[in-house]
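Scroll down for the structure; my scribbles are underneath it.
The basis for the numbers below is simple: all heavy atoms, side chains too, and nothing from hydrogens, waters or symmetry mates. These numbers were taken from a predicted model, which means no experiment stands behind them. Each residue takes its place number in the sequence, starting with 1.
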Amino acid sequence: MIIKLQNRINKKSNYKRFDKTPYVLISPSVIIIFAILIIPIFYAIFLSLTDSNLLKLNSASFIGLENFKNFFISDNLTKVLYATIVYVIGGVSLTFFIGLVIAWLLNNSLKFNFLFKGIIILPWAVPQVVLVLIWKWMLNPQNGVINFFLNKLGLIPKGFSWLSNVNFAILAILMVTLWKQYPLSFMILLAGMKTIPEE
């Protein structure tokens with residue numbers, strides 16, 4: 001009887017004991033998430049309610065929803081919506097399609113399959129700063145490699161600027177996005193294809 005009572009007391013004490021270890025272990029991740037994601041999001045929301053710009057962030061004054069009102073009544077609203085829709089639909093669908101085609105081609109056991117996979121995944125591993133510098137040089141109107149080849153083929157005039165025209169700027173941004181994002185789509189789709197039984 002005494003042993004049973006002691007066991008019950010031990011079980012109750014175990015239930016009441018609070019273990020801090022899991023919270024201590026996840027606290028660095030929570031702090032980093034708050035510092036990198038949550039706080040900037042709320043700061044961006046706050047800035048959207050002020051008249052701040054890059055030159056006077058410290059001297060911004062609160063104006064409420066005036067920025068949103070000006071945006072929705074501006075003449076550029078249709079252009080912004082058009083560019084966003086083209087970018088989202090084109091980026092998502094073409095990224096998926098290119099990744100699917102490459103995953104289908106490399107799903108078979110080819111001789112140098114591992115080498116092709118490494119080369120295809122390479123754009124995804126390139127840092128964003130390096131990516132911007134590479135494509136800025138490639139799309140340069142004077143000495144860019146893309147302009148050089150397209151000019152030799154007679155498709156564009158000499159000194160053509162991709163970022164001066166709205167339609168060509170969207171096309172250039174789509175090219176950069178596809179080059180950066182298709183490896184991720186390729187890896188996900190290839191992993192899914194590997195799980196499909198051969199029969």
Side-chain angles (χ1 to χ4, degrees), residues 26 28-103 123-147 150-151 155-189 192:
I26 67 168
S29 301
V30 172
I31 291 169
I32 290 171
I33 289 170
F34 264 88
I36 295 176
L37 292 176
I38 307 298
I39 294 172
I41 287 171
F42 281 103
Y43 185 62
I45 293 170
F46 167 74
L47 286 178
S48 70
L49 302 174
T50 64
D51 63 349
S52 63
N53 57 46
L54 291 175
L55 299 176
K56 55 171 191 173
L57 279 175
N58 295 329
S59 61
S61 57
F62 184 80
I63 58 170
L65 299 174
E66 193 68 27
N67 289 328
F68 297 97
K69 179 185 173 184
N70 292 335
F71 171 71
F72 283 111
I73 63 173
S74 69
D75 297 331
N76 295 325
L77 178 63
T78 53
K79 294 178 183 177
V80 171
L81 290 176
Y82 167 74
T84 304
I85 290 168
V86 169
Y87 178 75
V88 170
I89 294 175
V92 172
S93 59
L94 288 174
T95 299
F96 177 81
F97 178 73
I98 294 169
L100 180 65
V101 170
I102 297 172
W124 190 56
V126 174
Q128 292 283 69
V129 176
V130 179
L131 172 79
V132 170
L133 292 174
I134 289 171
W135 279 93
K136 186 180 178 183
W137 171 75
M138 290 173 67
L139 294 171
N140 189 290
Q142 303 303 325
N143 53 11
V145 66
I146 293 176
N147 278 26
L150 292 178
N151 181 257
L155 297 175
I156 60 172
K158 194 171 183 178
F160 176 78
S161 178
W162 288 85
L163 302 178
S164 297
N165 186 289
V166 174
N167 295 321
F168 285 106
I170 294 172
L171 184 62
I173 294 168
L174 266 176
M175 282 194 298
V176 177
T177 303
L178 293 174
W179 188 79
K180 177 69 175 172
Q181 296 297 331
Y182 85 88
L184 179 62
S185 175
F186 155 73
M187 287 190 291
I188 294 170
L189 291 167

Item to check | Residues that L37 engages under side chain to side chain contact (heavy atoms under 4.5 Å, CB included), provided they are two or more places apart | outcome: I33
Checklist outcome for this item: In this structure, CD1 of I41 is separated from CD1 of I36 (nearest 0.5 Å) by 12.0 Å
Item to check | Sole candidate of D75, L81, L77, N76 that passes side-chain contact (heavy atoms from CB on, under 4.5 Å) when paired with K79 | outcome: N76
Item to check | L150 and F160, any side-chain heavy atoms less than 4.5 Å apart | outcome: no
Next on the checklist: For S185 versus F96, what's the shortest heavy-atom pair and its separation?
Outcome noted: OG-CA, 3.6 Å
Checklist outcome for this item: Residue set satisfying side chain to side chain contact (heavy atoms under 4.5 Å, CB included) with I173, at least two apart, ordered chain then number -> Y87, T177
Checklist entry - Atom CD1 in I63, atom CZ in F68: separation rounded to 0.5 Å? => result 9.5 Å
Checklist entry - K158 and N151: which non-hydrogen atoms are nearest, and at how many Å? => result N-ND2, 3.1 Å
Checklist entry - Of all heavy-atom pairs between P141 and N147, which one has the smallest distance, and what is that distance? => result CA-ND2, 3.3 Å
Checklist entry - How far apart are the closest heavy atoms of L174 and G90, and which atoms are they? => result CD2-C, 3.9 Å
Checklist entry - With a 4.5 Å limit on heavy-atom distance, are the side chains of L49 and L65 in contact? => result yes
Item to check | Residues forming a side chain to side chain donor-acceptor pair (under 3.5 Å) with N140, sequence neighbours excluded | outcome: none
Checklist outcome for this item: So OG of S52 and CG of N67: to nearest 0.5 Å the spacing works out to 7.5 Å
Item to check | Contacts of S164 that satisfy side chain to side chain donor-acceptor pair (under 3.5 Å) - sequence neighbours left out | outcome: S161
Next on the checklist: So, taking the atom named CG in L155 and the one named CD1 in I146, what distance separates them when rounded to the nearest 0.5 Å?
Outcome noted: 12.5 Å
Item to check | For V101, side chain to side chain contact (heavy atoms under 4.5 Å, CB included) partners two or more places apart | outcome: F97, L105
Checklist entry - Around atom CH2 of W124, are there more than 12 heavy atoms of other residues, nucleotides or ligands at under 6.0 Å? => result no
Checklist entry - Is atom CZ of F168 surrounded by more than 12 heavy atoms (other residues, nucleotides or ligands) closer than 6.0 Å? => result no
Next on the checklist: So which atom in F186 and which in I102 form the shortest heavy-atom distance, rounded to 0.1 Å?
Outcome noted: CD1-CG2, 3.7 Å
Item to check | Enclosure of F71 CZ (heavy-atom neighbours >12, cutoff 6.0 Å) | outcome: yes
Item to check | Where A35 and P40 come nearest, the two heavy atoms and their spacing | outcome: O-CD, 3.5 Å
Next on the checklist: Please check: side-chain N/O of S48 versus main-chain N/O of I45, any donor-acceptor pairing under 3.5 Å?
Outcome noted: yes
Item to check | Residue list, side chain to side chain contact (heavy atoms under 4.5 Å, CB included) with L178, at least two apart or on another chain | outcome: L94, T95, I98
Checklist entry - What's the spacing between L139 CG and L163 CG if we round to 0.5 Å? => result 6.5 Å
